[in-house]
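Structure, as structure tokens:
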Amino acid sequence: MRRSTSNRTAGRLFDNPSIRGLSLGALDPYVRRQVRGTRPTILFFSPAGRTVPDFLARWVNGKGLTIVPVPDPADVEQRVLRSLPQLVVIDADGGPQGLGLCTRLKADSYSAIVPVAVLTSRHTTDRVQEWFTAGADEVISPLFEPMEQASRLDGLMTRTARDVAVNPSTRLPGTTEIEREIRRRMENGELFAVCYADLDHFKEYNDRYSYNDGDRVIYILSRILHDVVKGLLGHRGFIGHIGGDDFIFIIPFDAIPDVCGEVLEVFDTLIPYQYNEQDRRAGYYFGKDRRGQLHRVPLMTLSIGIVTNQHRRFAHPAQVSELATEMKSYAKTQPGSVFVVDRRHDLELDDDGVR
């Protein structure tokens, strides 16, 4: 289809010498995948060789996590790099090793995404500031009641999950949230459309201009999708960013023509102004193919492949993803900015989507 339009005595942090480690069940698989490669594990490092404090053990007990005491800071670093645990907890008492570990973890862009919580047996402004300067994400002291200590850990985990679930350049939800949204709509029995949007001739644009210009185009597309989908549908629309120039937006089935038509119209109006005047006026420029031969490259267009559950019954979001990718590839074979809708039926369903 073309465009047509978280009692003070219990507040002591290290008061239970008996707890060495807990293995307490499993996480929901979607939560587990909020950080790619994450295991449901907390690493606990104490330079003084302390055991896991009571309040932390109780918190872990309610989260279905595993807490692993690791006595060697180098081992902590290796474990973080290998498996991206959900949390690193450092005992601030016992010398400078903990502070150095925190600094090194947060200095590496890969390990920095793992949250670091610091436990200290005394609360002073200078001490807290020292840890935050080293990169700690939270500092917990006896100043806080036990319930607040737990709440601060809850808040830390929530913030981390949110931050790693969005694309850093556009701040749109990433693949985990996209999958979760598709599953939610499937389970609610909604009639929905998954729209896979992809730029045409984007690589050539990056080659002619710059990656900075390409990033700007991706950001503009993210704003177009967000503003159109949310402007027309509000909470009924969802926009996600797979990565690069690939986006997913999920809308009610009956909103396809209005939303997609508006997206394409706004895109075709704004994107030509990302070219210099000469290229914009001509409507094309000369670029080199893989063989080094010159050829005409048209201005960027937008292809949207759409899958719906109008005539299909999906068992898993992965099915939707595969079909949406297929439809996107088909849309890219069509000239100009277009959206195409998968009209195929499951054989076991009649035209009304009923067995």
Side-chain angles (χ1 to χ4, degrees), residues 6-22 35 38 41-63 65-81 84-164:
S6 216
N7 57 44
R8 175 71 61 179
T9 56
R12 290 175 296 173
L13 297 179
F14 299 95
D15 53 6
N16 190 337
S18 63
I19 299 174
R20 296 287 176 178
L22 301 171
V35 180
T38 288
T41 300
I42 295 174
L43 302 183
F44 176 73
F45 171 67
S46 173
R50 300 180 192 268
T51 54
V52 177
D54 246 354
F55 96 92
L56 182 58
R58 288 193 298 269
W59 182 77
V60 167
N61 187 53
K63 298 295 180 182
L65 300 170
T66 299
I67 186 162
V68 179
V70 183
D72 181 10
D75 192 15
V76 174
E77 291 183 70
Q78 288 301 313
R79 287 172 182 256
V80 169
L81 292 173
L84 286 179
Q86 289 206 334
L87 176 65
V88 173
V89 181
I90 299 177
D91 171 15
D93 303 326
Q97 288 188 40
L99 192 68
L101 172 61
C102 180
T103 302
R104 292 191 298 275
L105 289 175
K106 291 303 180 177
D108 185 283
S109 60
Y110 184 77
S111 59
I113 66 171
V114 177
V116 173
V118 176
L119 311 184
T120 178
S121 62
R122 57 190 176 89
H123 187 105
T124 66
T125 300
D126 290 345
R127 187 174 180 81
V128 171
Q129 184 61 46
E130 182 180 41
W131 279 99
F132 280 133
T133 301
D137 299 283
E138 183 61 88
V139 179
I140 299 175
S141 75
L143 178 68
F144 310 119
E145 298 289 345
M147 287 186 63
E148 184 175 350
Q149 293 169 352
S151 294
R152 286 177 174 272
L153 287 175
D154 286 337
L156 172 57
M157 299 299 282
T158 298
R159 294 192 301 271
T160 302
R162 179 190 61 216
D163 291 345
V164 300

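Summarising the geometry, atom CZ belonging to F55 is positioned 4.5 Å from atom CD belonging to Q149; distances are rounded to the nearest 0.5 Å. Note that CZ of F44 is 7.0 Å distant from OG1 of T51, once rounded to the nearest 0.5 Å. The structure places CD1 of I90 at 12.0 Å from OG1 of T120, a figure rounded to the nearest 0.5 Å.
Here side-chain hydrogen bond (donor to acceptor under 3.5 Å, both in side chains) pairs that include residues 94-104, with residues two or more places apart or in two chains, are E77-R104.
Inter-residue side-chain proximity for L87 and L43 is flagged as unmet; no heavy-atom pair is nearer than 4.5 Å. Side-chain contact between V118 and I140: absent, with no pair of heavy atoms (C-beta onward) separated by less than 4.5 Å. Two residues are said to be in side-chain contact when any heavy atoms from C-beta on lie closer than 4.5 Å; D72 and F45 fail this criterion. Annotation: side chain of D54 is in contact with side chain of R58 (closest heavy-atom distance under 4.5 Å). With a 4.5 Å cut-off on side-chain heavy atoms, L153 and L56 count as touching. Between E138 and M157 the shortest side-chain heavy-atom distance does not fall below 4.5 Å. In this structure the side chain of L105 reaches within 4.5 angstrom of the side chain of V116, judged on heavy atoms. Looking at heavy atoms from C-beta onward, W131 lies out of side-chain contact with D137 at the 4.5 angstrom threshold.
Taking 4.0 Å as the cut-off between side-chain N and carboxylate O, D154 and K63 count as a salt-bridged pair.
Remark: the backbone N or O of A92 is paired with a side-chain donor or acceptor of R127 at under 3.5 angstrom. Remark: the backbone N or O of V114 is paired with a side-chain donor or acceptor of K106 at under 3.5 angstrom. A donor-acceptor pair under 3.5 Å links the side-chain atoms of D93 to the main chain of S121, judged by distance alone. S141 places no side-chain N or O within 3.5 Å of a backbone atom of H123 that could act as its donor or acceptor partner. Listed for the Q86 side chain is no donor-acceptor partner under 3.5 Å among the backbone atoms of I42.
Taking all atoms of both residues into account, the shortest heavy-atom contact from V80 to P85 is CA-CD, 3.6 Å. Residue P47 comes nearest to G98 through the heavy atom pair CG-N, 3.9 Å, listed as atom of the first residue, atom of the second, then distance. Nearest heavy-atom pair, L101 versus P73, reported as atom, atom and distance to 0.1 Å: CD1-O, 3.7 Å. Shown here for C102 and G135, the closest heavy-atom pair between the two residues is SG-C, 4.0 Å. Between Y110 and L81, the shortest heavy-atom distance links the atoms CE2-O, 3.5 Å.
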- Item | Step-by-step side-chain hydrogen bond (donor to acceptor under 3.5 Å, both in side chains) determination, T125 to Q129 | CA-CA 6 Å; T125 300; Q129 184 61 46; over 6 Å; no

